[in-house]
Peer 1: 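Mind having a look at this structure? Questions to follow.
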Amino acid sequence: MICLQLKELNSQGFEIILVSSGAVGVGRQRLRYRKLVNSSLADLQKPQNELDGKACAAVGQSSLMALYDTLFSQLDVTSSQLLVTDSDFRDEDFRKQLYDTVQSLLDLRVIPIFNENDAVSTRKAPYEDSSGIFWDNDSLAGLLALELKADLLVLLSDVEGLYSGPPSEPNSKLIHTYIRAKHQAEITFGDKSRVGRGGMTAKVNAAYCAACAGIPVVITSGFAMDSIIKVLEGKRVGTLFHRDAHLWVKQVGAREMAVAARESSRRLQALQSQDRRKILLDVADALEANESLIKVENEADVAAAQEAGYAKSLVSRLALKPGKISSLAKSIRILADMEEPIGQILKRTELADGLILEKTSCPLGVLLIVFESRPDALVQIASLAIRSGNGLLLKGGKEAMRSNAILHKVITSAIPDTVGEKLIGLVTSREEIPDLLKLDDVIDLVIPRGSNKLVSQIKESTKIPVLGHADGICHVYVDKSANLDVAKNIVIDAKIDYPAACNAMETLLVHKDLACNGALNELVVELQHEGVGLFGGPRASKLLQIPETRLFHHEYNSMVCTVEIVDDVRAAIDHIHQHGSAHTDCIVAEDQKVAETFLCQVDSAAVFHNASTRFCDGARFGLGAEVGISTSRIHARGPVGVEGLLTTRWILRGNGHVVDGDQGVVYTHKNLALQS
């Protein structure tokens, strides 16, 4: 696995030096075998003397290099052997010659393989004497990195990196960046390696020394797939040692952020209703007061996205268009004026005389929302979290980094100290998401808003309940009984009002009779006049002479849609169930019986009759705002507003009641009128 990675990197032009170990172990194995073959049974029954380590090194070195030579030769890579001892580095001429030789080998695309020449080393015995300029292969690697002016040192281990304790212990955490002042006292090392001079302790010492000398070091697993390549690609694997690590801003850990959000949410829930309402009004005022600053940051994001060549649909979702901040502030004020959602009594039951049970509404706890592109989503989600009394962790797309940062700052600045700004945490690194998704004991619900790939990845990576939709494949079916003018207006609005939205029409289904009387052509002309590109199903593409779609289940998020002809309403329903995403689907029809069939049988979160799919929106539904649209069938479905972020708790009020085997308890189970 290592040789394959080195071959790939060598072919890409990287200059690679390999520091190896194992000669003593290989030699000991060979000598034991030879001794076994040449000994009589009587000899084997006698006490066996330990083999000389230097002899083992001498025998094993040739075998070790023969193995590397065979492996690299099969990969069409040339390797070379360089044996060094501690005393060699005391000679300045040797060090200069070493540099020149290695540089010549690297110029020839040869991989130099270093090992300590244990056979002639002046150490007392391999793996026992830790004196000298270097004391094991890890420190040799650090020394060579410094002598040869390396750009990076990767130390391979049998675990992913440096942990806070033995990796086998469940409470041990991988340390991504080593900061000596913080971690030296926290780390508990496991046992010393059976075949080396110090195990992870030696690697940490070597890594720290090299890092202090200016060589970045990563300790990572030699058994993990492509671990070296991932390091060079800049992925967050292993443990990084860097000279300036202590100067870097320490991000709050995932667990600490989630716990802080929970604690703040409990303080928020303890406030009076009018105080929670005031926080929302203050947030709305703060957004309007900082609109010019928000606009500057958003324009910078949009410009960067355009320069990077992002799709127009993404840039469209990214931009905060004129009037958007005012619209968001208005929505927040509407939300603030809605009925108090927390602590509502949903049901009252008398269990027995004087024993009253209440079912009440309460917050879920801590929400993790992962969303892409749309910074306005941050505002909606944050306001809903405040209204519902939930703690919140937000992770937006990198393309909206500046917009999200300023919006988060403006919103949290309006949260009073009695609650704490940590009520809403902004996750800035994509690498933190895997850690957050493991916190099923702290985070209560994950809501992903984005691509099918994003939603699928999150569902596969967590035990936390996930609420959301993967795709927005919305259909409009135009029945033969439809009023054509009504159909034109709905179809055009559903497609062009906001093509990048998840509730925009992606497929137009038309009754076969409309293909014969010219109505289909009129609908197509209207779409083309508005600049909508068309793909057809097998029937429509042939009739309309338009390109045939490769896939009905496709979310364009742009001025493109699919058109297909169906036999009747039941065929339309079947098509939707086969190719849709259970988001929002619409029928345009004057025949009430046909319309009712569609409304009752289409199994989607939202089903409309003679109304644009664009109405599927939390604000338009009167929810104030939405955290997203759910196609799940458990808990919440459709636009998810405040109600979808609540759960229930049971409150029982008694007067010294005890069960006592139900002796003497007369259960009445009487429904009572609701009261505050």
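Heads up: numbering here begins at 1 and tracks the sequence. Excluded from the calculations below are hydrogen atoms, water molecules and symmetry mates; all remaining heavy atoms, backbone and side chain alike, are included.
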Peer 1: So do the side chains of D444 and I464 get within less than 4.5 Å of each other, counting heavy atoms only?
Peer 2: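 Heavy-atom side-chain distance check fails, nothing below 4.5 Å.
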Peer 1: Is any NZ, NE, NH1 or NH2 atom of the basic residue among R633 and D603 found under 4.0 Å from an Asp or Glu carboxylate oxygen of the other?
Peer 2: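 Judged by the 4.0 Å cut-off on N to carboxylate O distance, R633 and D603 do form a salt bridge.
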Peer 1: Would you say the side chain of D497 lies within less than 4.5 Å of the side chain of S612, judging by non-hydrogen atoms?
Peer 2: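 They are not in side-chain contact.
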Peer 1: Determine, using ring centers only, whether H609 and F598 are less than 6.0 Å apart.
Peer 2: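 Centroid distance F598-H609: not below 6.0 Å, so no.
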Peer 1: Check this for me, if you would: do E530 and K495 make a salt bridge, where the nitrogen-to-carboxylate-oxygen distance has to be below 4.0 angstrom?
Peer 2: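 A salt bridge is absent here (no side-chain N lies under 4.0 Å from a carboxylate O).
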Peer 1: Heavy atoms, side chains only, cut-off 4.5 Å: are I279 and R277 in contact?
Peer 2: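 The answer is no; the side chains never approach within 4.5 Å.
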Peer 1: Just say parallel, tilted or perpendicular for the rings of Y556 and F535, cut-offs at 30° and 60°.
Peer 2: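 Parallel: the ring planes of Y556 and F535 meet at under 30°.
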Peer 1: Do the side chains of N298 and I406 get nearer than 4.5 Å, heavy atoms only?
Peer 2: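 Answer no - side chains too far apart.
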Peer 1: Any side-chain heavy atom of L652 within less than 4.5 Å of one from I356?
Peer 2: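 A side-chain contact is absent here, since even the closest heavy-atom pair is not under 4.5 Å.
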Peer 1: Whether E358 and K347 form a salt bridge (side-chain N of Lys/Arg under 4.0 Å from carboxylate O of Asp/Glu) is what I want to check.
Peer 2: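 No.
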Peer 1: Would you say the side chain of L320 lies within less than 4.5 Å of the side chain of P375, judging by non-hydrogen atoms?
Peer 2: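 Yes, at least one pair of side-chain atoms sits under 4.5 Å.
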Peer 1: State plainly whether the residues R317 and E399 are in salt-bridge range, i.e. N to O under 4.0 Å.
Peer 2: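 Salt bridge absent between R317 and E399.
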Peer 1: Is there a side-chain contact between N557 and P499 (heavy atoms, below 4.5 Å)?
Peer 2: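 Side chain of N557 against side chain of P499, heavy atoms only: no contact under 4.5 Å found.
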Peer 1: Mind checking whether H554 and H579 have ring centres under 6.0 Å apart?
Peer 2: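 Distance test on ring centres: not under 6.0 Å, no.
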